[in-house]
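Read through the structure below, which is laid out as structure tokens, and then see the notes.
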Amino acid sequence: MADFGYDVSNYVDVDPLFGNLQDFQDLIAQAHARSLKVIVDYVPNHTSDVHPWFIESKSGPDSPKRDWYIWRKGNQDGPPNNWASVFGGKSWEKHGDEYYMHSFLAEQPDLNWRNPDVVREMKNVLQFWLDLGVDGFRMDAIRRIFKDDQFRDNPPSNEGPKEKGNPEYDAQSHIYDMYRPEIHDMLLQFRHLLDSNESKDRKLAMVAEVWGDSRSATTFFGDADQKHPEFHLVFNFRMMHIPWDATSFRSRYEEFLEFTPKDCLPAIVLGSHDEHRLATRFGCHATRNACLMLMTLRGSPTVYNGDEIGMEDVEIPDDKIQDPWAIRTNMPSRSRDPGRTPMQWNSDPSTSFGFTQSGIAPWLPCHRDASTINVEHQRSDLNSLLSFYKKMIHHRKNNEILRLGTYHSIRGDGVPDDVWVYVREWKGEVNLIAINFCIDESREIKLPSISSGSAWRLITSSIPDREDLSAIVTDAITLVPNEGILLQRN
């Protein structure tokens with residue numbers, strides 16, 4: 001648990017801290033009985049340094065598993081090349097007369113995917129979990145599994161420093177330690193494995209965790225005409241770190257969509273366990289419109305647990321930090337702990353607000369507002385953020401236009417610059433979504449400029465007390481500050 005489970009010591013078991021395989025099988029059965037699907041995290045890039053494979057690999061140059069990991073002789077001045085670790089320092093750790101590579105912590109040695117034995121065993125891992133009944137995989141750090149076979153130095157980066165950045169890592173353009181072209185042949189093999197396990201009653205999914213620019217990330221869908229598909233979904237992280245304004249969100253979303261093959265859907269992401277909470281990054285005022293966006297844009301909405309009740313970052317004292325990234329670099333500002341605090345289920349502080357048994361302290365403290373910002377409190381309030389998420393999920397589930405329809409945005413006359421207006425269309429049916437990003441002024445949009453002669457019915461608003469729901473609108477509609485609406489052409 002050097003990195004909260006992303007340092008795998010056994011790919012075919014459950015860490016005793018969380019239960020056992022029978023518990024997992026019970027979870028699968030209970031989820032499927034409720035028509036829920038279960039996707040598990042697959043960590044192919046690296047193992048733990050206490051995995052039996054690595055223990056054998058580091059036993060000596062003649063070990064039969066030496067080539068299961070990436071070992072190199074050093075240069076005269078130290079490591080084999082200049083590759084830097086995401087978590088600080090070099091990507092190379094010396095052991096004996098050689099160095100092994102680690103993209104993250106030294107306790108997370110990278111596997112050598114050019115070794116056919118590694119490929120075979122890691123495919124067996126996928127099959128193991130498929131046989132247990134999982135419905136797919138979120139594949140962690142997938143862009144890193146192949147490295148340059150010549151181990152060339154990364155060139156300098158032309159980009160500036162990044163948020164929470166590692167200066168040494170950010171100074172490089174990472175063209176040789178990730179995004180290698182061999183990745184895509186392996187992804188085709190993964191996809192073939194999943195496809196071969198499908199049936200009429202069983203559909204599976206592969207989801208790619210790929211950070212980076214839109215053009216690079218969307219290559220993980222496979223080729224443009226989808227004759228050779230790879231991932232079913234690719235996370236669109238491009239809207240995570242931008243200003244809360246209409247232009248930024250529209251341009252970032254459309255940039256990703258431009259490179260997405262026409263028959264594929266991005267997984268739209270506004271919250272993640274690796275980032276500050278949505279309500280903290282964009283402000284609490286943004287949470288309802290963020291929900292409206294997630295449920296109405298073309299793509300698969302992805303919600304980080306807690307965002308549906310508006311959880312915020314928790315201030316973690318330095319001596320309580322758990323995140324190895326912050327601890328190893330001695331930089332508390334890099335900690336991801338503030339967004340990883342326990343889910344707030346109820347108002348009982350003695351059980352850490354429903355997360356633990358009475359009197360047991362969780363690994364991180366809860367938010368000071370947990371007594372009011374919790375599931376129990378919001379479940380009974382029809383105007384709560386949780387209720388709005390439920391309403392929007394219902395709209396999406398029962399509306400083919402939102403699930404399958406095309407997307408295009410509306411700009412120009414009749415649409416203020418700080419309002420994002422877009423249309424979803426499917427089989428002649430049309431939905432219109434308008435989001436006013438201005439937090440202190442109302443905005444009017446003129447409907448004839450969007451669709452001349454049409455009448456629109458107001459389906460829902462992100463403002464709980466809007467009184468004209470179901471009204472028919474033909475001319476113009478006003479959005480109060482920070483309001484988003486969903487309209488259907490009548």
Side-chain angles (χ1 to χ4, degrees), residues 1-10 13-41 132 134 138 271-281 284 287 291 302-327 332 335-390 393:
M1 296 295 289
D3 189 24
F4 302 111
Y6 285 92
D7 49 317
V8 178
S9 58
N10 186 341
D13 205 351
V14 174
D15 190 300
L17 185 65
F18 304 112
N20 55 46
L21 279 175
Q22 185 57 57
D23 295 329
F24 183 80
Q25 289 176 286
D26 292 344
L27 171 66
I28 291 281
Q30 292 291 332
H32 287 174
R34 292 163 173 79
S35 298
L36 297 173
K37 295 185 182 295
V38 177
I39 289 177
V40 297
D41 227 336
L132 284 184
V134 304
R138 174 235 188 228
S272 162
H273 68 289
D274 283 326
E275 302 296 334
H276 294 291
R277 282 280 180 186
L278 185 159
T280 299
R281 278 180 288 115
C284 292
T287 55
C291 170
T302 307
V303 181
Y304 177 46
N305 70 300
D307 285 350
E308 73 272 34
I309 61 171
M311 285 177 61
E312 298 179 74
D313 277 6
V314 176
E315 186 174 344
I316 309 295
D318 289 359
D319 63 343
K320 301 292 186 183
I321 289 175
Q322 304 291 324
D323 189 351
W325 191 0
I327 294 171
S335 175
R336 296 163 293 178
D337 290 343
R340 294 178 169 183
T341 56
M343 183 66 181
Q344 296 160 192
W345 292 105
N346 60 37
S347 303
D348 182 5
S350 72
T351 62
S352 302
F353 305 97
F355 192 80
T356 67
Q357 294 178 334
S358 181
I360 297 178
W363 81 102
L364 289 170
C366 297
H367 198 278
R368 61 182 179 275
D369 293 335
S371 59
T372 55
I373 307 298
N374 61 68
V375 173
E376 181 183 63
H377 183 79
Q378 293 193 24
R379 182 178 283 158
S380 59
D381 179 2
L382 295 180
N383 291 326
S384 69
L385 178 60
L386 177 61
S387 293
F388 186 61
Y389 263 90
K390 289 181 176 181
I393 290 170

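Here the structure is a predicted model, which means the values were calculated and not measured.
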Report task. Look at atom CD of Gln22 and say whether more than 12 heavy atoms of other residues, nucleotides or ligands are closer to it than 6.0 Å. Result ->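 More than 12 heavy atoms, drawn from other residues, nucleotides or ligands, come within 6.0 Å of this atom.
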Between [X] (side chain) and [Y] (backbone), is there a donor-acceptor pair under 3.5 Å?
X	Y	value
Thr372	Asp369	yes
Gln25	Asp23	no
Ser387	Asp381	yes
Asn346	Glu376	no
Thr280	Asp313	yes
Tyr304	Glu275	no
Asn374	His377	yes

If I compare all heavy atoms of [X] with all of [Y], which pair ends up nearest, and what's the gap?
X	Y	value
Ile39	Arg138	CG2-N, 3.3 Å
Gln322	Trp363	NE2-O, 3.7 Å
His273	Arg336	O-CB, 4.1 Å
Met311	Ile373	N-CG2, 4.4 Å
Pro365	Val314	O-CG1, 3.9 Å
Ile28	Leu132	CG2-O, 4.1 Å

Report yes if some heavy atom in the side chain of [X] is under 4.5 Å from a heavy atom in the side chain of [Y]; otherwise report no.
X	Y	answer
Met343	Val375	yes
Trp345	Thr351	no
Pro342	Ser352	no
Leu21	Val14	yes
Arg379	Lys390	yes

Roughly how far, to the nearest 0.5 Å, is [atom2] of [Y] from [atom1] of [X]?
X	Y	atom1	atom2	value
Ser350	Ile360	OG	CD1	11.0 Å
Gln344	Phe355	CD	CZ	10.5 Å
Leu385	Thr287	CG	OG1	4.5 Å

Query raised in the report: Do Tyr389 and Asp307 have side-chain atoms, one donor and one acceptor, less than 3.5 Å apart?
Result: no
**Report entry** Sidechain N-carboxylate O distance under 4.0 Å for Asp274, Arg340
**Finding:**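 Between Arg340 and Asp274 there is a salt bridge, with a charged N closer than 4.0 Å to a carboxylate O.
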